[in-house]
Every structure is written in C-alpha cells, then in structure tokens.
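Notes follow once the structure below has been shown.
Hydrogens, waters and symmetry mates play no part in the numbers below; they use all other heavy atoms, side chains included.
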Amino acid sequence: MSNKFLSGKSVETVYFTLIELLIVIAIIAILAAMLLPALNRARERATTTSCLGNMKQLGQYALMYSQEYQDYIPLASKNPGEASYWGHSWIPLLWRYMAPADKSTADTIITNLDRQKNVFVCPAFKRLTTDFHSGYSMNWSINMKKGYYSSPSETNQLRHKTGFTKYPSRTFLIIDDYGDTPFSQRGKIVKLLTIQAANAARYGTDAANAAGALPRHGGQSLNIAWLDGHASLTPAHKMYLGGYSGMFWTGYFVASVDR
C-alpha cells in the first residue's frame with residue numbers, strides 16, 4: 001500500500017496479490033452458483049403462472065363457444081373447414097373469440113401460431129419441427145361415443161353438451177401437451193413429466209421409456225383447463241394417464257380408475 005498526493009489530498013492505492021484476486025473470483029463464482037438455481041426456479045414459476053393464465057383464458061373461450069352453439073363442447077378435431085391436419089382443429093374455433101376481427105383462414109392461423117405471443121402457445125413450448133404448433137391440446141374423449149377409446153374419427157364422435165357429465169370440475173378440456181397433435185394423447189402428455197410423475201399418474205410399466213423427453217413446469221405437474229371453466233396447476237397424481245377411460249378423460253365415472 002502506498003500514498004500519493006493529488007491536489008493536496010492523500011489518495012490510497014490498493015494493490016491485490018494474485019491469490020487475493022483468485023479468492024475474490026472464487027467467492028463470486030460460489031455466489032453465482034448459489035443464485036442461479038434460484039433464478040431459474042423463479043423463471044420457471046413465472047412461465048408456469050403465465051401458462052396457467054393462458055389455460056384460464058382458453059377455458060373461457062371454450063365456454064363462450066358453448067354458449068353460442070347451444071351448449072355444445074368444441075370438437076378437438078374433425079371440425080368443418082380447411083382439410084389440413086391442424087386446420088380443422090379446435091384452435092381456429094377459439095381463436096375467433098380472442099381476435100374476432102381476424103379474417104385469416106384456419107391454416108394461416110395455425111401456420112403463424114407460435115410466431116407471436118398469444119394464449120394458444122405455452123411459454124415453455126419447444127417447437128421441434130414444422131409440425132409442432134401449440135404445446136396445448138384438447139381432450140377428444142369428451143366428444144366420443146361412450147366406451148370408444150381411440151383417435152377421433154367421424155364414426156366414433158358424438159357431440160356432447162357441457163352438462164353431459166356430473167364431474168365437469170374433474171374432466172379436463174385442454175392440457176399441456178407435446179405439441180404435434182391438436183388432440184390429447186396420453187403418450188404425448190407423459191413426455192412432459194418425469195418418470196416419477198408418470199408413475200404417479202399411473203401411466204403404466206413403460207413410463208421409464210416414455211416420460212421425461214421434454215419436462216415442463218418442473219415435470220411433476222401440468223396446467224389444465226377443466227370442463228367447468230376453471231384452470232389449475234395439477235399434480236401428476238390427480239391425472240389418469242393409464243388409458244382413455246374414467247372421468248378424467250370421458251366424464252364418466254369408472255370405479256377401476258377413478259378415486
């Protein structure tokens with residue numbers, strides 16, 4: 001340490017040894033390592049909260065659709081309109097309530113969907129190919145003939161009204177999803193969960209191979225918009241991914257799967 005005089009004032013100049021500098025750098029690195037996980041968790045919580053807000057809004061749009069169309073629940077797929085895979089999905093139907101002045105075709109809406117911030121795209125969504133568009137999907141099982149547990153088709157669909165089930169608060173309408181289909185598939189939903197969560201959701205013996213490809217919202221819970229209009233961050237053990245049955249999927253109580 002030395003003293004210098006500048007304009008009549010004493011100025012202290014401090015010299016650090018290399019060891020002291022390394023100690024300071026190490027302390028900064030330790031503090032950063034402690035803070036980064038907390039910052040990442042805060043960022044993830046913010047994303048999850050934003051996604052939940054999207055779900056709430058989508059549930060409201062679905063209710064608006066039902067009120068306008070004699071109480072019928074929107075179809076996940078096979079809606080009249082463009083012939084493309086996504087063009088006749090639920091998304092263009094509900095888009096009209098968010099942007100009533102938008103006269104774009106269904107295909108244009110889907111093509112540009114994830115290129116702009118909107119409630120139809122989960123903020124944690126990762127677009128893997130050009131066929132991935134949303135990160136949300138709609139439950140097709142609630143518009144199926146009772147006992148049919150297969151993909152949507154004109155032969156197995158039966159339009160239901162919102163009052164068809166006694167369990168609207170336990171029957172999901174829209175859910176976090178992988179992103180490559182407009183309608184919910186358990187094999188795609190499970191990709192967003194950890195293996196532990198997939199087992200809690202009773203996915204099955206192949207959970208170890210199916211789960212965890214793209215964990216979302218911590219991998220233990222997913223955001224869901226329910227048939228009664230409410231939305232919630234839902235723990236895995238409150239879902240049922242073991243098959244397309246029970247009130248979670250179809251709105252009908254099945255003693256072997258519903259608790």
For Lys188, all residues meeting salt bridge (Lys or Arg N to Asp or Glu O under 4.0 Å), sequence neighbours excluded: Asp180
No-hydrogen, no-angle side-chain donor-acceptor test under 3.5 Å, Glu68 and Tyr97: yes
Polar side-chain atom of Ser221 near backbone of His217 as donor-acceptor pair, under 3.5 Å: no
Aromatic contact, Tyr72 with Phe164 (centres under 6.0 Å): no
Stepwise side chain to side chain contact (heavy atoms under 4.5 Å, CB included) check, Leu113 with Ser134: CA-CA 7 Å; Leu113 192 66; Ser134 176; 4.0 Å; yes
Interatomic distance, Gln185 atom CD to Asn139 atom CG [nearest 0.5 angstrom]: 11.5 Å
Transitive ILVMFWY side-chain link Trp95 to Leu63, under 4.5 Å: no
Atom of Ser184, atom of Ser137 and distance for their closest heavy-atom approach: OG-OG, 2.8 Å
Thr181 and Tyr85, any side-chain heavy atoms less than 4.5 Å apart: yes
Distance-only side-chain donor-acceptor flag, Trp226 / Ser232, under 3.5 Å: yes
Residues Thr105 and Thr108: side-chain donor-acceptor under 3.5 angstrom: yes
Any donor-acceptor N/O pair, Lys145 side chain to Thr155 backbone, under 3.5 Å: yes
Within 6.0 Å of NZ in Lys191, more than 12 heavy atoms from elsewhere: yes
Leu58 reachable from Tyr65 in the ILVMFWY side-chain graph, under 4.5 Å edges: yes
Worked check of side chain to side chain contact (heavy atoms under 4.5 Å, CB included) between Ile175 and Ile189: CA-CA 8 Å; Ile175 194 170; Ile189 297 171; 3.9 Å; yes
Co-membership, hydrophobic cluster, residues Tyr178 and Trp86, 4.5 Å side-chain: yes
Partner set under salt bridge (Lys or Arg N to Asp or Glu O under 4.0 Å) for Asp176, not counting sequence neighbours: Arg216
Ile91-Phe132 co-clustered via ILVMFWY side chain contacts under 4.5 Å: yes
Value rounded to 0.5 Å, distance of NZ in Lys238 from CZ in Arg259: 11.0 Å
Least distance between heavy atoms, Ser169 atom then Asp228 atom: CB-OD2, 3.3 Å
Distance (rounded to the nearest 0.5 Å) between Gln157 CD and Ser141 OG: 10.5 Å
Side-chain heavy-atom pair Thr48, Leu233 within 4.5 angstrom cut-off: yes
Minimum heavy-atom distance Thr234-Met239, with the two atoms named: O-CE, 3.2 Å
Side-chain donor-acceptor contact under 3.5 Å, Trp90 with Asn79: no
Near-ring test Phe172/Trp249, centroid separation under 6.0 angstrom: yes
Reported OH-to-NZ distance for the pair Tyr69 and Lys161, which is rounded to 0.5 angstrom: 15.0 Å
Test: Arg202 cationic atom under 6.0 Å from Tyr240 six-membered ring centre, within 45° of axis: no
Any donor-acceptor pair under 3.5 Å from Asp114 side chain to Val121 backbone: no
side-chain contact (heavy atoms from CB on, under 4.5 Å) partner of Met138, the single match among Pro182, Ser89, Pro74, Ser77: Pro74
Any donor-acceptor N or O pair under 3.5 Å, side chains Thr162, Asp71: yes
Check: Tyr203 main-chain N/O paired with Arg186 side-chain donor or acceptor under 3.5 Å: yes
Contact check, side chains of Leu193 and Leu222, non-hydrogen atoms, under 4.5 Å: yes
Contact check, side chains of Leu241 and Phe248, non-hydrogen atoms, under 4.5 Å: yes
Pairwise side-chain contact, Leu75 with Phe183, heavy-atom cut-off 4.5 Å (strictly under): no
Taking every non-hydrogen atom, the tightest pair across Thr111 and Arg115: O-NE, 3.5 Å
Spacing of Asp131 atom CG and Ile110 atom CD1 [to the nearest 0.5 Å]: 12.0 Å
Whether over 12 other heavy atoms sit under 6.0 Å from Ile25 CD1: yes
Other cluster members, Met247 - Ile/Leu/Val/Met/Phe/Trp/Tyr, side-chain contacts below 4.5 Å: Tyr167, Phe253
Gap separating the OG1 atom of Thr250 from the CG atom of Asn143, nearest 0.5 angstrom: 11.5 Å
Ring centres under 6.0 angstrom apart (Trp140, Tyr244): yes
Heavy-atom side-chain contact between Asn54 and Phe120 under 4.5 Å: no
Sub-4.5 Å side-chain heavy-atom contact between Met144 and Leu158: no
Heavy-atom closest pair, residues Asn199 and Gly204: OD1-O, 4.1 Å
Ala200 backbone acceptor or donor facing His237 side chain under 3.5 Å: no
Minimum-distance pair of heavy atoms, taken over all atoms of Tyr136 and Cys122: OH-CA, 3.2 Å
Minimum side-chain heavy-atom gap Leu128-Leu214 below 4.5 Å: yes
